[in-house]
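Here's the structure we're looking at; comments come further down.
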Amino acid sequence: MPKRVDHDQRKREIAEALYRIASAQSLQAVTLRAVAAEAGISMNLVQYYFQTKEEMLRFAWRRMVELSGERAADGVGHALRTGDERAVVRAYLSGVLPSDERSRMLCAVQIAYFAVDVTRGRQDPDEEALLPHLVRALAEQLRKAQAGDRVPADVDPGLEADALAAMAAGLVTGILVDAYTAEQAMAIVDYRLDRLFSAA
């Protein structure tokens with residue numbers, strides 16, 4: 001009986017090969033042929049799933065969004081159960097920062113996509129943006145903390161969430177170029193949150 005092929009798993013394996021190339025080189029180095037060689041499969045098989053490089057890149061980005069959510073889910077879920085908004089905000093921010101080789105690779109790939117967007121002058125409309133999700137989640141927690149007098153009433157939750165997300169994005173880059181360790185980056189996060197949540 002012929003072996004049943006898990007098509008979703010095969011597409012994820014192709015995306016992983018793309019990530020390895022993009023993190024080590026750039027998205028410009030990504031081609032159907034290069035990904036096939038990296039994945040150890042034929043060019044024809046890659047083309048069976050993705051007829052063009054653009055189609056493959058869009059799938060890989062959507063998979064990246066899923067992986068980013070999965071990476072933060074455990075920490076955020078635990079923090080949500082505590083009912084402590086500061087802990088939840090911290091969990092969201094720490095979930096963004098690379099803490100091991102796997103997350104370093106994924107963050108490097110995200111930056112590779114952003115580099116293409118910068119050159120293009122806009123984000124690909126077919127690629128779901130990650131930052132707005134983070135900003136909305138942070139703003140929601142800050143509003144809850146304000147309602148409980150744990151964050152000052154004069155703080156703008158939307159702007160503060162934007163500022164925290166921008167800080168996290170900068171820390172990601174800092175970690176990837178070894179300007180900060182993961183521990184130093186989290187110390188910066190804690191410094192900011194201590195002042196935000198203790199000022200009420």
Side-chain angles (χ1 to χ4, degrees), residues 12 15-30 57-80 85-142 157-197:
R12 289 193 291 268
E16 288 291 331
L18 184 154
Y19 299 153
R20 292 193 294 274
I21 294 170
S23 64
Q25 301 174 59
S26 69
L27 278 189
Q28 284 71 24
V30 170
L57 286 170
R58 281 194 294 272
F59 173 84
W61 178 259
R62 289 194 300 272
R63 177 64 180 151
M64 176 76 65
V65 172
E66 291 176 7
L67 291 170
S68 297
E70 290 171 6
R71 186 156 66 91
D74 284 346
V76 171
H78 175 74
L80 283 168
E85 294 89 1
R86 183 195 183 284
V88 177
V89 169
R90 187 182 193 276
Y92 274 116
L93 295 173
S94 66
V96 170
L97 303 180
S99 57
D100 55 26
E101 285 308 309
R102 169 74 173 162
S103 57
R104 284 179 73 96
M105 180 187 76
L106 293 176
C107 286
V109 175
Q110 287 180 28
I111 290 174
Y113 273 89
F114 294 151
V116 171
D117 292 338
V118 168
T119 302
R120 185 192 296 125
R122 60 179 174 79
Q123 183 165 16
D124 187 326
D126 292 326
E127 293 173 5
E128 181 183 10
L130 285 169
L131 204 57
H133 291 291
L134 177 61
V135 170
R136 281 194 297 272
L138 295 174
E140 178 186 2
Q141 293 304 313
L142 293 175
L159 288 177
E160 187 65 41
D162 275 319
L164 290 171
M167 177 188 70
L171 290 173
V172 167
T173 304
I175 292 171
L176 291 180
V177 299
D178 291 328
Y180 302 112
T181 64
E183 292 76 18
Q184 288 170 330
M186 282 310 304
I188 293 169
V189 169
D190 285 330
Y191 178 87
R192 180 71 194 101
L193 295 185
D194 284 347
R195 275 139 193 82
L196 177 61
F197 281 84

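Worth knowing before you read on, the calculation uses all heavy atoms, side chains too, and leaves out hydrogens, waters and symmetry mates. Computed from a predicted model, the values in this text were never measured in an experiment.
Here the CE-CG distance, from M167 to L193, works out to 6.0 Å after rounding to the nearest 0.5 Å. To the nearest 0.5 Å, atoms CG (L97) and CD (E183) are separated by 11.0 Å. Residue F114 holds its CZ atom at 9.5 Å from OG1 of T173, rounded to the nearest 0.5 Å. Separation of atoms CG (L93) and CG (L171) is listed at 9.0 Å; rounding is to 0.5 Å. Atom CD of Q141 and atom CZ of F197 lie 8.0 Å apart (nearest 0.5 Å). Residue S23 holds its OG atom at 11.0 Å from CD1 of I111, rounded to the nearest 0.5 Å.
Screening residues 16-26 for salt bridge (charged side-chain N to carboxylate O under 4.0 Å, His left out), with sequence neighbours left out, gives E16-R102, R20-E38. Annotation: salt bridge (charged side-chain N to carboxylate O under 4.0 Å, His left out) contacts involving residues 157-177, sequence neighbours excluded, comprise E160-R192.
Y19 places a side-chain N or O within 3.5 Å of a backbone atom of A60 that can act as its donor or acceptor partner.
The number of heavy atoms from other shown groups lying within 6.0 Å of CG (D74) does not exceed 12.
Q184 is not listed as a side-chain neighbour of I175, based on a closest heavy-atom distance of 4.5 Å or more. Residues L176 and P98 are in side-chain contact: their nearest non-hydrogen atoms beyond the backbone lie under 4.5 Å apart. Between M186 and V189, the closest side-chain pair of non-hydrogen atoms falls below 4.5 Å.
When all heavy atoms are compared, the tightest approach of A91 to G75 is CB-O, 3.6 Å. The minimum heavy-atom distance linking A168 with V96 is given by the pair CB-CG1, 4.3 Å.
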task = Assess whether side chain to side chain contact (heavy atoms under 4.5 Å, CB included) is satisfied between L67 and R71, documenting all intermediate values.
result = CA-CA 6 Å; L67 291 170; R71 186 156 66 91; over 6 Å; no
request  = Take V30 and L27, measure what side chain to side chain contact (heavy atoms under 4.5 Å, CB included) needs, and give me the verdict at the end.
outcome  = CA-CA 5 Å; V30 170; L27 278 189; 4.1 Å; yes
ask   = Between R86 and D190, is a side chain to side chain contact (heavy atoms under 4.5 Å, CB included) present by the stated rule, with each step listed?
value = CA-CA 10 Å; R86 183 195 183 284; D190 285 330; 3.4 Å; yes
key: Test salt bridge (charged side-chain N to carboxylate O under 4.0 Å, His left out) applied to R104 and D178, step by step   = CA-CA 11 Å; R104 284 179 73 96; D178 291 328; 3.6 Å; yes
inquiry  = Please determine whether side chain to side chain contact (heavy atoms under 4.5 Å, CB included) holds for the pair Q110 and S68, giving the CA-CA distance in whole Å, both sets of side-chain angles, and the decisive distance to 0.1 Å.
reply    = CA-CA 10 Å; Q110 287 180 28; S68 297; 3.1 Å; yes
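Remark: Y180 pairs with no residue by the ring-ring contact (aromatic ring centres under 6.0 Å, His included) rule, at least two apart or across chains.
Of the candidates V135, L134, L164, Y92 forms a side-chain contact (heavy atoms from CB on, under 4.5 Å) with just one, namely L134.
No cation-pi contact links R63 to F59, judged by a cut-off of 6.0 Å to the six-membered ring centre and 45° from its axis.
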